[in-house]
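Notes follow the structure.
Since we're looking at a predicted model, the values are computed, not measured.
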Amino acid sequence: MGAPLNPEQRAAVEYGDGPLLVLAGAGTGKTRVLVHRIADLVGRGVAPWEILAVTFTNKAAGEMRHRLFELLGDRVKQMWIGTFHSTCARILRRYGDMIGLSPDFLIFDDDDQQKTLKALLKAHNLADEVSPRSISSRLDYAKNRGLDPAAIQTGLPLDDVMKLIAPAYAAQLAREKALDFGDLIVKVLELCRHPEAGPHLKTRFRHVLVDEFQDTNLVQYELVRELSEATRNLTVVGDDDQSIYAWRGAEPRNLLDFDRDFPDVREIKLEQNYRSTSVILDAANAVISKNLDRRGKALWTEQGGGDGIDYHQAGDDRGEADWVARTLRGLVDDGAFSPGDACILYRTNAQSRELETQLRRYRFEPRIVGGQAFFERKEVKDVIGYLRLLANPDADSAFARVVNVPPRGIGEASVDKLRQYAASRGEGLLTAARDVARGGGPLTAAARKKLTQFVELVDGLVAVQAGGASLAELTIQVVERSGYRAWLDDEDDGEDRMRNLAELVNVASDYEEEQGEAGTLAELLERIALTGAADEKDGRGETITLMTIHMAKGLEFDVVFLCGMEDGLFPSLRPRDGVDEDAALEEERRLAYVALTRARKKLYLSSARVRRVWGDVKQQVPSRFLDDVPALCFTVPPSATRRAPWSGPPAMAARPPRVRRPLRDELDQRTWDGDEVPAVDVHADVSYDADGVDVDPFSPGATVRHAAFGPGKVVASRGAGFQRRVVVVFSSVGEKTVDARWLQPVS
């Protein structure tokens, strides 16, 4: 099916038993290799249900399942194909009772975790001392490494807080019959070491295959080792050059040191790229070759050389965004590409604002990927909260979320009293609320009446559920009976939010259609909880896609713009706790490699001489990664277009006299089909030299004089006309920001 496998791909597909490491560079067909290897195993007599294939996103798992269906038909339904978390949830629902886990457990997503930690911190009078996010980061750090969160000692005050909150959080999860994402892996590891479940799980799968192996953390690696311990038939596919998630627990050494645990491993390198031109690959290879801690490979392609890489250094971030938008407008108007063919990448989300603004001025409709995901929208989370409470009456986090949504006059004070009452009786909040409705508890008569109405609402929904309502109908009943529809009718954005709830009903309906009578509310909620940002649509179509480089991994586009190529921005030079400076720079270089290899046909790089940071204007230095790319890869080498960093005042020499010209608008205007759009890099207060060339007297590097501070060197400026402010390093007083009116250019 499709083009024949190349020799290296075929060697990986047809490899027999034993450990296999496939080093698959960007665009070398790793998914194709995985799929054909699985099909080949089935052809050699391995039963479909004896195959476990794990990856990191539902989207990747779905693509693998789809391709296997084309090769094997319905047999794919018997295979275990999914993400680490969905696979572990499936194992736990089947075998979790052996370690005391209820089969109808719920899964806490990030929002559930934050709300629970916030309540615990408040209960322990620690809400003003530490944030829930700090606690969850420490929990994730520990669980990703198989450590006890309460036992980690760093010498910081957070250690003492963790000794209180970590056990309380674990107890709350147990009481709600819930697990967080980290628990899913840890609990399956516990099962693997259980005297009864362990031997079964270690022989359950004849072959275990892991995609994106460079992104695994320590406990995920330990898990796949346990599951393949008996057979040693472990296939791992990954690229050490694309390991870019160390900040969230990924351990690159899992791949780099794989032969330490499996000394008899067969290593196969996939280096033939089917995506990008040779110019783009030469640039990517050159950048990543500077890394020392890598196994080493070099991408190549049978395609022709391709267009050179265009690099542009703008005056500031607005000028950079304008250049990107104007260049894109030209590509689209010339018919070379459509908007959906292009992607704009950047290191940080903050860079998107100016890009979005300028794209709109050039008549594009930008879409930013990585914004608020569908299942994170408030109205969706609220209705899911009701469903979680119906699936598990002990889910206090769900109760606390929806008890006053829509607003029904049950304030925080009443909920706090109810929580204290529930704790004193060892009950969940819903059980305590039922006690209060019968006349117990510390609430006032008015609060009791409102809480009773909420209990009656929940009991009515329980009756609907018990009456055999479909999941879609149950979701509709939640929206209607809770008063959510009526509440949104009075909101300005109510119509859009109701569309989101209609889509949630569609989600439930699609799930039921797929699962039939086997589908349950708990498993629907599990699927929703395990849907991450990477599973959202990538924004293709007649819009321009904008996203961070991290979000772009696994995607490809005909045209890629990589913005913000400046030291301190990309590579980011911000120190990270516990991360060696050299190791951090190597990860940044891997990130650059990922960014460059997203492009198929055309690649643009850009930077700015100055950039606004926290309201201040900072002079920027072009990225060191630009120096790594061979000059022959560029249409014009960066050294010919960018200014060197300032190295002191220039020697005084006679200059041609300047001719002042009138102040002009901050943005020149140019007409495109009747619409006015901005030109690039236009500054106010510009003069012409004798040759008629624009000269900005306050551009970075210019020499100026102040009546009080004396001579100095301009490092940045902002504004125009009477609003012009200039950052100057004076030899007498150091750096100062002064009004341009008090500066005299020095010729």
Side-chain angles (χ1 to χ4, degrees), residues 23 25-26 137 141 144-145 212-218 238-257 280-299 309 311 313 345-351 547-553 560 562-599 603 605-609 611 613 618-631 633-634 637-639 642 644-645:
L23 280 176
S137 295
Y141 175 87
N144 288 342
R145 291 161 177 80
E212 302 288 4
F213 187 66
Q214 77 281 349
D215 294 336
T216 54
N217 59 39
L218 292 175
D239 183 2
D240 52 324
D241 291 333
Q242 295 188 74
S243 180
I244 60 174
Y245 296 120
W247 51 274
R248 71 181 189 194
E251 179 47 72
R253 301 236 66 86
N254 290 346
L255 188 150
L256 292 169
D257 297 338
I280 293 169
L281 295 182
D282 287 347
N285 285 332
V287 170
I288 200 62
S289 68
K290 301 292 184 180
N291 275 4
L292 300 178
D293 199 7
R294 60 190 295 259
R295 282 185 171 265
K297 62 184 177 307
L299 299 179
I309 299 169
Y311 167 72
Q313 185 184 39
L345 300 178
Y346 35 77
R347 180 65 178 81
T348 67
N349 277 308
Q351 294 170 252
M547 66 178 83
T548 64
I549 303 168
H550 283 100
M551 288 293 297
K553 187 168 175 290
V560 169
L562 178 54
C563 302
M565 295 294 291
E566 302 144 27
D567 267 14
L569 182 57
F570 192 36
S572 171
L573 302 179
R574 180 173 57 87
R576 300 207 311 257
D577 291 341
V579 180
D580 175 78
E581 182 178 336
D582 291 338
L585 183 58
E586 291 216 347
E587 178 155 345
E588 289 290 306
R589 195 173 277 112
R590 293 194 293 269
L591 197 59
Y593 172 83
V594 168
L596 298 174
T597 54
R598 297 313 93 195
L603 178 62
L605 309 178
S606 64
S607 65
R609 295 188 184 98
R611 191 173 293 273
V613 180
K618 301 290 186 183
Q619 187 175 23
Q620 301 293 96
V621 177
S623 171
R624 65 193 69 187
F625 295 157
L626 293 169
D627 296 326
D628 295 339
V629 178
C633 291
F634 291 99
S639 59
R642 72 188 195 223

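Here the side chain of Arg295 pairs a donor or acceptor atom with the backbone of Leu256 at under 3.5 angstrom. No side-chain donor-acceptor contact under 3.5 Å links Gln214 to the backbone of Asp241. Between the side chain of Gln242 and the backbone N or O of Val594, no donor-acceptor pair lies under 3.5 Å. Remark: the backbone N or O of Ala250 is not paired with any side-chain donor or acceptor of Asp215 at under 3.5 angstrom. A donor-acceptor pair under 3.5 Å is absent between the side-chain atoms of Asn217 and the main chain of Arg145, judged by distance alone. For Ser607 (side chain) and Pro622 (main-chain N/O), no donor-acceptor pair under 3.5 Å exists by modelled atom type. In this structure, Gln351 contributes its side chain and Thr348 its backbone to a donor-acceptor pair below 3.5 Å. The backbone N or O of Arg609 sits nowhere less than 3.5 Å from a side-chain atom of Gln313 that would complete a donor-acceptor pair.
Here the closest non-hydrogen pair linking Gly25 and Leu299 is CA-CD2, 3.8 Å. In plain terms, the two heavy atoms of Pro252 and Ser243 that are nearest each other are CG-OG, 3.2 Å. Closest approach of Ser606 and Cys563 over heavy atoms only: OG-CA, 3.4 Å. For Asp628 against Ala286, the heavy-atom pair with the smallest separation is O-CB, 3.3 Å. Leu562 approaches Ala595 most closely through the heavy-atom pair CD2-CB, 3.8 Å. In terms of heavy-atom proximity, Thr597 sits nearest to Ala284 at CG2-CB, 3.6 Å.
Arg590 has no carboxylate O lying under 4.0 Å from a charged side-chain N of Asp240, or vice versa, which leaves the two without a salt bridge. The existence of a salt bridge linking Glu588 and Arg347 is confirmed by a sub-4.0 Å separation between a basic side-chain nitrogen and an acidic carboxylate oxygen.
For the atom pair CG (Leu218) and CG (Asn254), the distance works out to 5.5 Å, reported to the nearest 0.5 Å. For the atom pair CZ (Phe213) and CG (Leu23), the distance works out to 11.0 Å, reported to the nearest 0.5 Å. Here Leu345 contributes atom CG and Arg598 contributes atom CZ; the two are 9.0 Å apart, rounded to the nearest 0.5 Å. The CG atom of Asp627 lies 8.5 Å from the CG atom of Asp567; values are rounded to the nearest 0.5 Å. With values rounded to the nearest 0.5 angstrom, Leu626 atom CG is found 4.5 Å from Met565 atom CE. Atom NZ of Lys297 is separated from atom CG of Asp239 by 3.5 Å, given to the nearest 0.5 angstrom.
Within the 4.5 Å cutoff, no side-chain heavy atoms of Ile549 are placed close to those of Tyr346. Side-chain contact between Val629 and Tyr311 is absent, with no heavy atoms from C-beta onward closer than 4.5 Å. Annotation: side chain of Ile244 is not in contact with side chain of Tyr593 (no heavy-atom distance under 4.5 Å).
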request  = Start with the C-alpha distance between Asp293 and Asn291, add both sets of side-chain angles, then the distance that settles side-chain contact (heavy atoms from CB on, under 4.5 Å), and finish with yes or no.
outcome  = CA-CA 6 Å; Asp293 199 7; Asn291 275 4; over 6 Å; no
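Ring geometry for His550 versus Tyr245: interplanar angle of 30 to 60°, hence tilted.
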